[in-house]
Amino acid sequence: MVKRNWIPVRGAQGAHSRQAHADMPDGTYEREVSKEGFFGPASFFHHRRPPTGWTSFEGPLRPRAFDLAALNEATASPWDAPRVLGNAHVEMRFWKLGAPMPALARNADGDQLLFVHEGRGDFFCDYGHLAFEAGDYLYIPRGTMWRLAPEGAAAILMIEATNGHYTLPDRGMLGPHAVFDPAMLDTPVMDEAFRAHQDEAGDHTVEIKKRGVVSTVTFPYNPLDAVGWHGDLAPARLNVRSIRPVASHRYHLPPSVHTTFLADRFVVCTFAPRPFETDPGALKVPFFHNNDDYDEVIFYHAGEFFSRDNIHPGMVTYHPAGFTHGPHPKALEHMLVQSKPATNEVAVMIDCRDPLEVSAAATGVEWGGYVDSWKRG
Ligand SMILES: [Fe+2]
């Protein structure tokens with residue numbers, strides 16, 4: 001992160017708490033405004049009403065939700081999967097795959113992250129073989145040749161770090177083995193399945209995506225024919241089960257503590273099952289906020305999504321920067337008293353430092369009523 005000399009103001013007016021997200025004045029709703037995600041200077045307002053109490057919301061800016069599960073038919077190539085959201089630095093596609101890929105894929109535009117929403121099977125690449133299942137992230141460095149062979153149907157959220165790299169976040173004082181131990185990252189192995197895959201006869205085509213356009217290269221053999229490799233660059237697999245989220249019983253932590261992968265202009269965070277806060281004064285739901293520098297995307301994978309009504313697995317919500325968002329009215333009832341001990345939600349958040357474009361495909365599966373879902377029923 002860029003070191004900045006922020007304008008040095010420090011203030012406090014009226015009724016306010018001293019500790020963020022705790023011990024708010026009675027009957028108030030806290031809203032955070034902040035710079036650079038939740039890492040820069042911030043202020044906390046105490047409002048008399050939930051800051052999402054709008055009665056109308058007109059114009060191109062609004063909270064949006066898309067049902068990706070209803071988006072597309074299965075395609076054999078990941079490059080035929082429709083783009084959902086993107087900009088110059090990130091591209092999200094939702095790919096349904098009904099059978100083993102007939103061709104190999106190679107992304108020349110950037111590192112690729114696959115999040116397996118549904119399905120299981122085999123992942124073959126230059127480096128060897130890995131099994132995959134729902135809840136897996138598969139990190140594929142730019143230029144790797146790869147192929148998926150699902151056992152049945154699979155559904156995958158693809159997140160490309162366009163012209164960039166995926167890295168891991170600095171875990172700071174948590175230490176390098178917190179959240180997930182780097183030892184939990186599995187790399188491909190050159191096993192029997194890989195060798196059998198190498199021996200498949202006939203022509204093999206590689207579909208290379210460069211600047212969004214696909215070129216195909218055909219070989220009279222399987223080009224995944226390495227007999228060995230060594231080095232410190234390889235695809236990696238991480239299942240959401242391996243993520244041990246940071247939680248505090250006394251403080252609602254910002255979503256940035258759930259960062260799993262860091263790219264140059266966006267982050268990928270994982271909301272994994274975790275206990276709710278128990279301290280009497282601590283906020284038990286996400287605080288209202290305008291994350292004014294980031295467009296926020298959340299893909300809902302599994303479980304009950306405690307701060308959102310009417311959202312089911314396979315949906316994605318998009319909160320562009322520019323307005324305040326926060327828990328829905330039903331979740332807000334649990335702002336200070338949470339009846340459940342924990343949330344079982346699993347969701348993937350993609351927070352983007354640059355504004356996103358919504359594709360026509362995504363608009364086609366938009367739930368237009370999302371903007372009204374904060375209205376009290
Ligand atoms: Fe947010």
Side-chain angles (χ1 to χ4, degrees), residues 1 20-21 24 29-45 47 50-54 57 61-66 84-85 87 90 92 157 159 169 245-248 251-263 265-272 274 276-277 282-301 303-311 315-332 334-335 343 345-356 358 362 367 370-374:
M1 204 174 310
H21 317 321
M24 286 78 72
Y29 300 89
E30 185 197 48
R31 173 173 66 109
E32 175 168 342
V33 298
S34 58
K35 286 217 168 274
E36 293 299 336
F38 300 96
F39 291 98
S43 279
F44 306 87
F45 291 86
H47 289 281
T52 49
W54 51 73
F57 206 131
L61 177 70
R62 63 198 143 101
R64 304 178 72 172
F66 310 99
V84 177
L85 292 154
N87 60 33
V90 61
M92 297 166 228
L157 180 71
I159 311 160
V246 179
S248 164
Y251 180 70
H252 190 93
L253 293 163
S256 42
V257 298
H258 304 296
T259 305
T260 311
F261 301 104
L262 203 60
R265 300 290 293 175
F266 69 96
V267 297
V268 178
C269 307
T270 310
F271 294 121
R274 60 197 183 278
F276 286 120
E277 297 77 7
L283 196 60
K284 276 105 185 151
V285 292
F287 42 88
F288 291 100
H289 57 281
N290 18 328
N291 185 4
D292 281 311
D293 290 326
Y294 280 80
D295 273 19
E296 301 181 3
V297 177
I298 301 181
F299 175 77
Y300 297 88
H301 171 57
E304 282 177 69
F305 308 112
F306 78 100
S307 68
R308 297 267 175 275
D309 298 337
N310 304 313
I311 295 291
M315 290 184 80
V316 79
T317 58
Y318 170 43
H319 296 160
F323 58 90
T324 300
H325 60 258
H328 278 93
K330 214 163 77 187
L332 202 53
H334 305 296
M335 184 169 81
T343 164
E345 72 175 4
V346 181
V348 175
M349 182 169 83
I350 303 109
D351 265 16
C352 304
R353 186 60 180 78
D354 308 282
L356 293 163
V358 178
W367 169 35
Y370 184 57
V371 66
D372 296 321
S373 63
W374 280 267

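Whatever order the structure lists them in is the order used to number ligands and atoms, beginning at 1. Sequence positions, counted from 1, serve as the residue numbers for this chain.
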Taking the six-membered ring of F45, is NZ or CZ of R31 closer than 6.0 Å to its centre and within 45° of its axis? yes
Specify whether an N/O/S atom of H319 falls short of 2.8 Å from the Fe ion (ligand 1). no
Aromatic rings H328 and W374: how do their planes relate, parallel, tilted or perpendicular, breaks at 30° and 60°? parallel
Using 30° and 60° as the class boundaries, would you call the ring planes of H319 and Y370 parallel, tilted or perpendicular? parallel
The Fe ion (ligand 1) as vertex, arms to NE2 of H289 and NE2 of H325: angle to 10°? 90°
N/O/S atom of D351 inside 2.8 Å of the Fe ion (ligand 1), strictly under: no
Please confirm whether Y294 and F266 have ring centers closer than 6.0 angstrom. no
In E296, which N, O or S atom comes closest to the Fe ion (ligand 1)? OE1
